[in-house]
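Just so you know, these numbers use all the heavy atoms, side chains as well, and skip hydrogens, waters and symmetry mates.
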Amino acid sequence: MKGTETGRRSSRGYPGLGRPSFGLLRSPGEVEMGFWLYKCNAAEGGPSGYYGDWLRGVFSRGAPVEWGGDYSTLSGEVSKHLAEEVTAGDVVAAYQTDSKSVVGFCTVTKLTGEPGVRRIYLQPIHWLTPAFPVHERKAGTPLESSNAVNGPAAFRELPDAEMQALVTLSGAPDRVLEGKPAKDGWRPVPIRDPSELIVPLDEVWAGHTRGYYGLEESWRQDGVVLAPKSVTFFASLDDLRDYLRWRVGQWEADGYVRTVGVEFRATAAQLVDGDEGTGAMVTLEPFTYRDTPPEFGGTGD
């Protein structure tokens, strides 16, 4: 457990990769920093039936995200980690099981609930491009015999040497070992290139007698529009959802948060400025559009 003399956190480096030694303890008086490998499967889900797409669920967002907990695992080992060992400030390596790759790194911002009903919140700090195929690259490194990498548990500790090897081999910056984002802060990762998702207006107006999905975005201060309302069109609902996740992430990174009681459902969202009492609000609302004139059966709404 953290803060005890278990010896599980050392300051040794990883000389085999030329990694300089790091003091992986926090400031004096603070508990030691923990490193974890968290496995999620977007294709099949885990034994508890929960799916996890790291890009869509976490790295496309701009603020801490609730990402599992006791409710999403059947593992007593994982529940024990959440109850006794994981703490705010720990660093999590995000492993996408269906691609067998580490895709990025997050920090734990908080855990809520009593032991047995814990929920974990993560803030992304670095996205790997390309993703790191750990099983293809682990030979001859501490990762080759890693219980976290090779074992079935969805959430398991990474000892210092394994974490340092993972950071070095993946090409991640050293700041990840300290749980820090880039100097200019975290910016969400687009799920797909936003420009490739949007249907040009001239195509929408061309009269192809097909339907489109639209997204109306407005920014208001105490009900007064702060900027011209924007409307964007998409060929499919999936395209709209991926674009919306990215836009929500952009607003979150700028300090906006979800309105209490209004849930981001990947089709609509409402956020308010995190500074209390500013009255600034962003609303993203979907609608359907058919470019056939109403008299010929189109909706035009």
Side-chain angles (χ1 to χ4, degrees), residues 1-4 6 8-9 26 30-98 102-125 147-149 151-159 163 179 186 188 245 248-249 252 256-272 274 276:
M1 293 188 230
K2 299 185 184 305
T4 60
T6 61
R8 72 183 188 90
R9 293 279 171 251
R26 303 182 192 179
E30 293 187 340
V31 295
E32 298 176 345
M33 178 176 287
F35 301 122
W36 306 90
L37 186 72
Y38 191 172
K39 298 178 179 179
C40 292
N41 193 317
E44 299 178 1
S48 62
Y50 283 87
Y51 295 75
D53 184 322
W54 279 107
L55 176 55
R56 283 182 164 81
V58 178
F59 288 92
S60 63
R61 302 293 295 278
V65 179
E66 187 260 291
W67 196 242
D70 286 300
Y71 70 87
S72 62
T73 182
L74 300 178
S75 168
E77 176 189 346
V78 174
S79 289
K80 185 175 186 296
H81 290 321
L82 293 175
E84 301 176 5
E85 299 178 320
V86 183
T87 191
D90 284 359
V91 180
V92 172
Y95 179 88
Q96 195 67 57
T97 305
D98 30 322
V102 174
V103 297
F105 298 89
C106 305
T107 55
V108 178
T109 60
K110 65 178 179 180
L111 292 102
T112 60
E114 297 297 319
V117 290
R118 288 269 201 259
R119 291 174 181 260
I120 188 169
Y121 288 74
L122 302 178
Q123 169 64 54
I125 59 172
N147 288 329
V149 171
F155 194 91
R156 189 168 275 179
E157 182 187 9
L158 284 166
M163 182 63 173
W186 167 254
R245 285 187 175 95
V248 168
E252 288 175 332
Y256 282 71
V257 296
R258 281 186 288 171
T259 307
V260 175
V262 178
E263 185 177 358
F264 167 44
R265 302 186 305 279
T267 53
Q270 192 172 78
L271 303 94
V272 295
E276 236 179 272

Inset, instruction - Output, in order, the C-alpha distance, side-chain angles, deciding distance and verdict of side-chain contact (heavy atoms from CB on, under 4.5 Å) for Glu252 and Trp186. - result: CA-CA 10 Å; Glu252 288 175 332; Trp186 167 254; over 6 Å; no

Inset, instruction - Output, in order, the C-alpha distance, side-chain angles, deciding distance and verdict of side-chain contact (heavy atoms from CB on, under 4.5 Å) for Leu158 and Val91. - result: CA-CA 10 Å; Leu158 284 166; Val91 180; over 6 Å; no

Inset, instruction - For the pair Trp36 and Asp90, evaluate side-chain contact (heavy atoms from CB on, under 4.5 Å) and give the outcome as yes or no after the intermediate values. - result: CA-CA 8 Å; Trp36 306 90; Asp90 284 359; 3.0 Å; yes

Legend entry - Evaluation steps, side-chain contact (heavy atoms from CB on, under 4.5 Å), between Val248 and Leu271: CA-CA 8 Å; Val248 168; Leu271 303 94; 4.2 Å; yes

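Under the 3.5 Å distance criterion, the side-chain polar atoms of Gln270 are left unmatched by any main-chain donor or acceptor of Arg258.
Across Thr87 and Leu111, no two heavy atoms sit closer than the pair CA-CD1, 4.0 Å.
Atoms CD and OG1, on Glu66 and Thr109 in that order, are 10.5 Å from each other to the nearest 0.5 Å. With rounding to the nearest 0.5 angstrom, the CD atom of Glu157 is 11.5 Å from the CE atom of Met163. The CZ atom of Arg245 sits 8.0 Å away from the CG atom of Asp53 when rounded to the nearest 0.5 Å. Atom SG of Cys40 sits about 10.0 Å away from atom CZ of Phe155, to the nearest 0.5 Å. Considering OG1 of Thr107 and CE of Met33, their distance stands at 8.5 Å, rounded to 0.5 Å.
Between Trp54 and Trp67, the two ring planes are tilted [angle within 30° to 60°].
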